[in-house]
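Starting from 1, each residue takes its place in the sequence as its number.
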Amino acid sequence: MANVLDLRRRIRSVKNTRQITKAMKMVSAAKLRRAQERAMQARPYAQMLTNVLESLVRRTDLFNEATGDILHPLLVEREEKNVLVLVVAGDKGFAGGFNSNIGKAAQKFIDERRAQGQNLDLEPIGKKAIGFYKKRFPAAVYEHTEELYDNELSKHIENIRHREVPIEVAAEHPTLLVKTDFEEVTKLAHSIVDRYEHCEIDSVYIVFNEFKSVISQRVVVEKLLPIRKLGSHEVTALEEMTEEQKEAAGKAAQSAGVSINEPEETEIDQEAKKFGTAEVDYIFDQAPERLFRHLMPRYVTTQIFHALLESTAAEHAARMTATDAATKNAGDLIDKLSLTMNRVRQAAITKEIIEIVSGAAAL
């Protein structure tokens, strides 16, 4: 059994750890509030963009009357032979099961697609996601040959070589979650759109943690391309929080002063929903067809940007919950060690008294 000195040292060490986890919890709570605000501020823009595109759809013929082809390449559906998967995890650990849950959902989706004989390109976002796949799968290598795509778009198709490895890492994005800059997300989205238009990939999916509130979040696999319906999220797989996780997250949020309810709609959100929805003939400076072609890639950008913002908020919420649990466990361990130390000290005192009494009786 440890002596009193060893127990005191351990208690002191656990107290220091509890101070660290308590500070980490408050930092995560503050970052969570900012992440929630940023996600809320991005919603009106995404809603207004969707409304404008829906308005343009009502005034634009998406099909060529002569050939019957779809005029925008992002709406074209093909057989899914080459699939791109964006996996959004976190940059740091100490977030409970946040990163592992995303990794499990992504791996389950990958295994299902691989069983169907599909080739998959992975683009991990965040240092933890990169760590999942960097050593497991090789980097993608393309061999391009240009061929004329025989339709009105006059696009050049880049034929991809036959792959010996069905799963490859196409690109890594280790710094995209640091600030979640819209310009950087735009570059990523344009790269994806360009590959889809040139038939390098047949569909695009994103795996991330969808965040509504501290107790309302889920890991989803959402289909980005091809676009089937504007403004709707095509979720192919999801994993909800358990009741125990919700209870733990609720207690952590309550102790940190974070609301567990979904943020209410502001006047800006309400106005954004009404924007461009009236049944009137809007006058645009440019032709509706040209605007539609220009705004469709921006729509994909906003979808990815919003997923990154929600994933960031979910990561801070998971870290706040994990550090709150660590703080409580440290407190319980301190109480247990203090009780043990008192028993050891009391036993030592009792032993000394017995020795003194025995010595006195022997005299």
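Nearest heavy-atom pair, Thr323 versus Met24, reported as atom, atom and distance to 0.1 Å: CG2-CB, 3.8 Å. The two residues Asn3 and Asp6 have their closest heavy-atom pair at OD1-N, 2.8 Å. Of all non-hydrogen atoms in Ala42 and Leu309, the two that sit nearest each other are CB-CD1, 3.8 Å. A pairwise comparison of heavy atoms in Ala170 and Arg195 identifies CB-NH1, 4.0 Å as the closest pair. Annotation for Gln118 and Val83: closest pair OE1-CG2, 3.4 Å, computed over non-hydrogen atoms. Here the shortest heavy-atom pairing between Ala322 and Gly96 reads CB-N, 3.6 Å.
Phe132 has its side chain out of reach of Leu122: every pair of non-hydrogen atoms, C-beta onward, lies at least 4.5 Å apart. At least one side-chain heavy atom of Ile192 sits under 4.5 Å from a side-chain heavy atom of Leu86. Side-chain contact check for Asp181 versus Val185: every heavy-atom pair is 4.5 Å or farther apart. You'll find the side chain of Tyr133 reaches within 4.5 Å of the side chain of Ile110, heavy atoms only. Side-chain contact check for Val87 versus Val85: some heavy-atom pair is nearer than 4.5 Å. Considering only heavy atoms from C-beta on, Lys15 comes within 4.5 Å of Arg18 through its side chain. A 4.5 Å side-chain heavy-atom check between Ser311 and Phe98 finds at least one atom pair inside the cut-off. At a threshold of 4.5 Å between non-hydrogen side-chain atoms, the residues Gln36 and Phe211 count as touching.
Open room surrounds CZ on Arg343; 12 or fewer heavy atoms of other groups in view lie less than 6.0 Å from it. Counting non-hydrogen atoms of neighbouring residues, nucleotides and ligands closer than 6.0 angstrom, the CD atom of Gln116 exceeds 12 such neighbours. Around the CD atom of Gln254, the shell of radius 6.0 Å holds no more than 12 heavy atoms that belong to other residues, nucleotides or ligands.
Leu49 and Ile304 fall within a single hydrophobic cluster, where Ile, Leu, Val, Met, Phe, Trp and Tyr side chains are chained together by heavy-atom contacts under 4.5 Å. Under the 4.5 Å side-chain heavy-atom criterion for ILVMFWY residues, a single connected hydrophobic cluster contains both Leu176 and Phe182. Linking ILVMFWY residues whenever their side-chain heavy atoms come closer than 4.5 Å, directly or via other members, leaves Val14 and Leu339 in distinct clusters. The same ILVMFWY cluster, assembled from side-chain heavy atoms under 4.5 Å apart, contains both Leu295 and Val193.
In terms of modelled atom types and a separation under 3.5 Å, the side chain of Asp202 and the main chain of Asn82 share a donor-acceptor contact. Looking at Asn99, its side chain never comes within 3.5 Å of a backbone N or O of Ala95 through a donor-acceptor pair. Side chain of Thr340 to backbone of Lys336: a donor-acceptor contact under 3.5 angstrom is found. Asp324 contributes no side-chain N or O that, together with a main-chain N or O of Met320, makes up a donor-acceptor pair within less than 3.5 Å.
Side-chain contact annotation: Arg298 with Gln303, donor-acceptor N/O pair under 3.5 Å absent. Using a 3.5 Å distance cut-off with no hydrogens or angles, the side chains of Thr312 and Lys31 do not pair a donor with an acceptor. Between the side chains of Thr21 and Thr327, at least one donor N or O lies within less than 3.5 Å of an accepting N or O. Inspection of the Asn342 and Gln346 side chains reveals no N or O donor paired with an N or O acceptor under 3.5 Å. Between the side chains of Asp194 and His190, not a single donor N or O lies within less than 3.5 Å of an accepting N or O.
In this structure, the separation between OG on Ser203 and CD on Glu79 is 11.0 Å, given to the nearest 0.5 Å. The CZ atom of Phe305 sits 10.0 Å away from atom OH of Tyr45, with the distance rounded to the nearest 0.5 Å. One finds the NE2 atom of His306 at 10.5 Å from the CD atom of Gln47 (value rounded to the nearest 0.5 Å). To the nearest 0.5 angstrom, Asn119 atom CG is 12.5 Å from Ile201 atom CD1.
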*I would like to know whether Ile334 and Leu337 meet side chain to side chain contact (heavy atoms under 4.5 Å, CB included); could you show each step before the answer?*
CA-CA 5 Å; Ile334 290 172; Leu337 291 174; 5.8 Å; no

*Please walk me through it: do Arg228 and Glu77 pass salt bridge (charged side-chain N to carboxylate O under 4.0 Å, His left out)?*
CA-CA 9 Å; Arg228 292 183 177 178; Glu77 295 189 27; 3.3 Å; yes

_Checking Val300 against Val204 for the side chain to side chain contact (heavy atoms under 4.5 Å, CB included) test, could you report, in this order, the C-alpha distance in whole Å, the side-chain angles of both residues, the deciding distance, and whether it holds?_
CA-CA 11 Å; Val300 178; Val204 181; over 6 Å; no

*Show the numbers, then the answer: is there a side chain to side chain contact (heavy atoms under 4.5 Å, CB included) between Arg319 and Lys25?*
CA-CA 7 Å; Arg319 185 169 293 108; Lys25 171 189 171 183; over 6 Å; no

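Between Asp91 and Lys127, no side-chain nitrogen of the basic residue sits less than 4.0 Å from a carboxylate oxygen of the acidic one, so the salt-bridge criterion is not met. Remark: Arg33 does not engage Glu37 in a salt bridge, criterion side-chain N to carboxylate O under 4.0 Å. Here Glu184 pairs with Lys187 in a salt bridge; the nearest charged N to carboxylate O distance falls below 4.0 Å.
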Could you pull out every donor-acceptor pair under 3.5 Å between side chains of residues 215-226 and any protein atom, sequence neighbours left out?
unit_1: Gln217; atom_1: NE2; unit_2: Val214; atom_2: O; d: 3.0
unit_1: Arg218; atom_1: NE; unit_2: Glu210; atom_2: OE1; d: 2.5
unit_1: Arg218; atom_1: NH2; unit_2: Glu210; atom_2: OE1; d: 3.1
unit_1: Glu222; atom_1: OE2; unit_2: His233; atom_2: ND1; d: 2.9
unit_1: Lys223; atom_1: NZ; unit_2: Glu80; atom_2: OE2; d: 3.0

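Classification of the Phe109-Tyr205 ring pair by plane angle, with boundaries at 30° and 60°, yields tilted.
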